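Beneath this line is the structure, given in structure tokens, with notes to follow.
Start at 1 and go down the list; that is how both ligands and their atoms are numbered. Quick caveat, the model's predicted, so the values are computed rather than measured.
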Amino acid sequence: MFVAVSMDLQLIYNYKYIFVIMVVLNMLYFIFDGSSFNGIDKVQLDSSPFRENKKYIIDTPGCRIENLNPYSEEIKEYIYTIKKITCRNKGLLTYISRFKDKVILNLNMSLLPEYSIFHVDCCYSVISRNPTGSKPDDNISFSDCIPFHDTVHIKHDFIRVECSNFFQKVYVNVHSTLQPPKEVATNAADPNVLLIGIDGVSRSNLIRSMPRTYQFCERNRWINLKGYNKIADNTYPNLMAVLSGMNFSQAESVCDPYDKVALDNCQHFIWREFKRHNYSTAYAEDTSRIGTFNWIKAGFTNPPTDYYFRPYFLAAEDLSIKYLCLRAHCTGPEKTGIRMQNLIKDFVSTIRNATPGFGLFWMNSFSHEDVNCPSSLDDDFVDFFEEMERGGEFNNTIVIFFSDHGFRFGKIRLTHTGWMEERLPFIYIRIPESFRLKHLEAYSNLVSNSDKLTTPYDIHMTLQHILSLSNKNYVESPSQGCPQCKSLFKPIESSRTCGTSGIPQPYCTCSRYENLSKKTPLVREVANFFISHINNLVKSYGEASKGCSVYFLDKISHAKSLVIEKNVEENVLVGVVANPDAIFEANVKVIYNSNATKTFTLMETNRLDRYAPKTFCVQNSPVQMYCYCKSLLKRITNEKGHRTLN
Ligand SMILES: *[C@@H]1O[C@H](CO)[C@@H](O)[C@H](O)[C@H]1NC(C)=O
Ligand SMILES: *[C@@H]1O[C@H](CO)[C@@H](O)[C@H](O)[C@H]1NC(C)=O
Ligand SMILES: *[C@@H]1O[C@H](CO)[C@@H](O)[C@H](O)[C@H]1NC(C)=O
Ligand SMILES: *[C@@H]1O[C@H](CO)[C@@H](O)[C@H](O)[C@H]1NC(C)=O
Ligand SMILES: *[C@@H]1O[C@H](CO)[C@@H](O)[C@H](O)[C@H]1NC(C)=O
Ligand SMILES: *[C@@H]1O[C@H](CO)[C@@H](O)[C@H](O)[C@H]1NC(C)=O
Ligand SMILES: *[C@@H]1O[C@H](CO)[C@@H](O)[C@H](O)[C@H]1NC(C)=O
Ligand SMILES: [Zn+2]
């Protein structure tokens, strides 16, 4: 008997709750300007990993990238330590173990007295996806709760456990069981490939906020691509470039993320190729609400990979939550980031004797909302990676430990350093000894490519190359978004530029923008053009944007220029503070016409303030990125006792 509980209602309820918290925290954030409120102290910065004598971190004929100082004066005021929080003060009452091919749920009897002085009864319910309704990827249900004593054999993928005494629930948790895969014919030497991602962390920010993890990677000679440049603004297109080799518009046309049928049928996901090679495939992402394929997107009707952990995180995020940096840091008794690490560990060990594995494990829960928050998982990552290395779990595993872009909003983004960091996500690649010895040349190419300009498309080609190295019949297909991009195991030419590697000009860190005075008439013209563009754009959404306010230009926060050809063509980057409260940044191409007029073309738009709490009047529409809800304006002005604006 299954009792269908619609996740949707619960999510809406949670969402309101999250919203209130976000508004409050957001106010604190701005009142204190992110520098010193409860739990946050200024830190003494250790600047040792920064090689100050180098002017450029990448210095090739095709591209020079400035050697950014992670501790630059310009951003010091935005850097602070985050006080860690603990998710529980007792041991976990339940855990999963394996006996041969059986998965067992166990109760740790010795812990019972800590949980209750009275008798405790436990039961588990099975968590299932409900692919039939209108929200297949958001809808999970729980079976009736089945009582068990100390141990029980579990055949389902995800379960929720509840333990109660006569008076109350004393323990609730969810577990992912990772049932073993069927054995298939594979080449025993095929390496596992794990993509382990932390959203929104630049190379500089890894050094700054996860110094121990950074040192671990360096010490273990994981290879750092120092010129890894994003190819688009946010998560979806950058990850899609890795997974499919396509750019945003190509992906949209053949694998439309707004159409669940198209996403389900999308043949371009690299995990499909790994599956064809008898790999077991996995995809997990925490903070389900903002999932790469779910945030204002359709999600999947059917699981895209053999192991698909979305129901697990939906259920975990429905437990009691402790927030840190605006995100569900603790989901029930466990840290969300550690749940992810455990999935990786279990995935590798479950499949070990049956098939090689390909997995994407993506984390937002401790990095997405605060540039300093990755520090809250720094020690955990070192412990996790050390355990994997020591236990031999990574013996035959290629790990790509990376991010999609740097931190994208807040005051740090208004600085030059913040602008550069946003474009330069961190990436480390771990090559196992066995693979290195077998492919010495490939390895040495990778090492020399680590000092060149590289992109997510190169990672896509590298993944294909891994398949073709173990299977002679596999034919690599060029990346559609960047036909010239190539596997990092092949030599990349030093003449490579942003133009030849699929990086649109607004994201290119090889370009040298010059400061432009905010008072320049051109800057004001561009800013006005931009504001009216945003207003028109918002209006064009019609009904969907009827709650959104019109903007006026308040002030210009920064301006830079890249002259392509003097008095002919120029790119102008301008940051504008709008009224009501929103910060946008534009990259505008300026063409000087022969009749003394100018033509402006908008190449990129960014919103730099934390806009989610200001856009509640928009439901599931991309206009959210441009909106400021009028009703919020009314509320704020009323509270201040001012005249109501409209
Ligand atoms: C059960 O709990 C005890 C007490 O905290 C702990 O020492 C032990 O490691 C736990 N057992 C398992 C198998 O987790
Ligand atoms: C969730 O799944 C249940 C059971 O299959 C179904 O009755 C319900 O309509 C679904 N809800 C949504 C919003 O899809
Ligand atoms: C995958 O496994 C099947 C069944 O064991 C086998 O027939 C097939 O050749 C394997 N494919 C590859 C690419 O190894
Ligand atoms: C994607 O690539 C195609 C073909 O090169 C190009 O026409 C298109 O503008 C690109 N789209 C984006 C968003 O870069
Ligand atoms: C990993 O490799 C080491 C050294 O070759 C070996 O001793 C160990 O048993 C391997 N571990 C696993 C889990 O394969
Ligand atoms: C540009 O302006 C920023 C901020 O005002 C300053 O830190 C930087 O040094 C300037 N760069 C140049 C090349 O003048
Ligand atoms: C000036 O030239 C541009 C481009 O050639 C054209 O679009 C524009 O209408 C012209 N403006 C005037 C006032 O002639
Ligand atoms: Zn992202």
Side-chain angles (χ1 to χ4, degrees), residues 88-99 104-115 150-151 171 173 175 195 197-202 205 230-255 257 268 285-287 289-297 327 333-334 342 360 362-371 373-374 402-409 413 421-427 455-457 478-485 498-508 587 601-606 625:
R88 62 187 141 89
N89 47 23
K90 305 184 187 86
L92 288 175
L93 194 50
T94 53
Y95 63 96
I96 297 290
S97 66
R98 285 157 216 286
F99 179 69
I104 319 276
L105 168 65
N106 305 265
L107 194 59
N108 189 338
M109 299 299 229
S110 64
L111 284 171
L112 274 177
E114 286 186 35
Y115 277 86
D150 49 349
T151 64
Y171 175 84
N173 202 0
H175 294 289
L195 307 187
I198 305 178
D199 198 285
V201 182
S202 64
N205 197 29
K230 73 175 188 173
I231 56 99
D233 182 36
N234 56 9
T235 314
Y236 172 80
N238 284 297
L239 260 191
M240 208 55 188
V242 170
L243 296 175
S244 75
M246 295 186 291
N247 70 23
F248 183 79
S249 39
Q250 290 159 342
E252 205 173 26
S253 70
V254 290
C255 303
H268 296 75
E285 180 162 353
D286 70 8
T287 319
R289 271 264 144 199
I290 58 167
T292 305
F293 300 100
N294 298 87
W295 171 243
I296 329 183
K297 297 187 180 67
R327 288 290 168 203
E334 299 187 52
N342 287 335
L360 168 65
W362 195 258
M363 290 161 271
N364 304 289
S365 61
F366 56 94
S367 61
H368 197 272
E369 304 304 322
D370 187 315
V371 71
C373 218
F402 73 127
S403 192
D404 49 352
H405 49 76
F407 201 69
R408 287 175 41 235
F409 38 83
R413 236 327 245 105
E421 284 193 12
E422 190 202 74
R423 283 147 178 74
L424 295 166
F426 85 87
I427 180 165
T455 77
Y457 300 119
S479 152
Q480 289 180 40
C482 174
Q484 285 151 288
C485 285
C498 287
T500 59
S501 42
I503 304 167
Q505 176 44 239
Y507 305 113
C508 179
N587 195 313
T601 313
L602 191 61
M603 301 213 292
E604 194 218 352
T605 310
N606 258 316
M625 183 183 144

Distance-minimising heavy-atom pair for V371 and N205: O-ND2, 2.9 Å
Shell of protein N/O/S atoms around the Zn ion (ligand 8), taken as anything under 2.8 Å: D199 OD1, D199 OD2, T235 OG1, D404 OD2, H405 NE2
Nearest-0.5 Å distance, CG of residue N364 to CG of residue D286: 5.5 Å
N173 side chain to E334 side chain, donor-acceptor N/O pair below 3.5 angstrom: yes
side-chain hydrogen bond (donor to acceptor under 3.5 Å, both in side chains) evaluation trace for T94 with H175: CA-CA 9 Å; T94 53; H175 294 289; 2.7 Å; yes
E604/R423 under salt bridge (Lys or Arg N to Asp or Glu O under 4.0 Å): CA gap, chis, key distance, verdict: CA-CA 13 Å; E604 194 218 352; R423 283 147 178 74; 3.5 Å; yes
Separation of M109 CE from T151 OG1 (nearest 0.5 Å): 9.0 Å
Inter-residue atom distance L107.CG - L112.CG, 0.5 Å rounding: 5.0 Å
Atom pair OG1 (T287) and CZ (F366), whose distance is rounded to the nearest 0.5 Å: 9.5 Å
Nearest atoms (heavy-atom pairs only) where S501 meets T455: O-CG2, 3.2 Å
Min N/O separation E114 to ligand 1 under 3.5 Å: no
Under 3.5 Å: donor-acceptor pair, side chain of N238, backbone of I231: yes
Close-range residues for ligand 4, whose non-hydrogen atoms fall below the 4.0 Å threshold: N247, S249, Q250
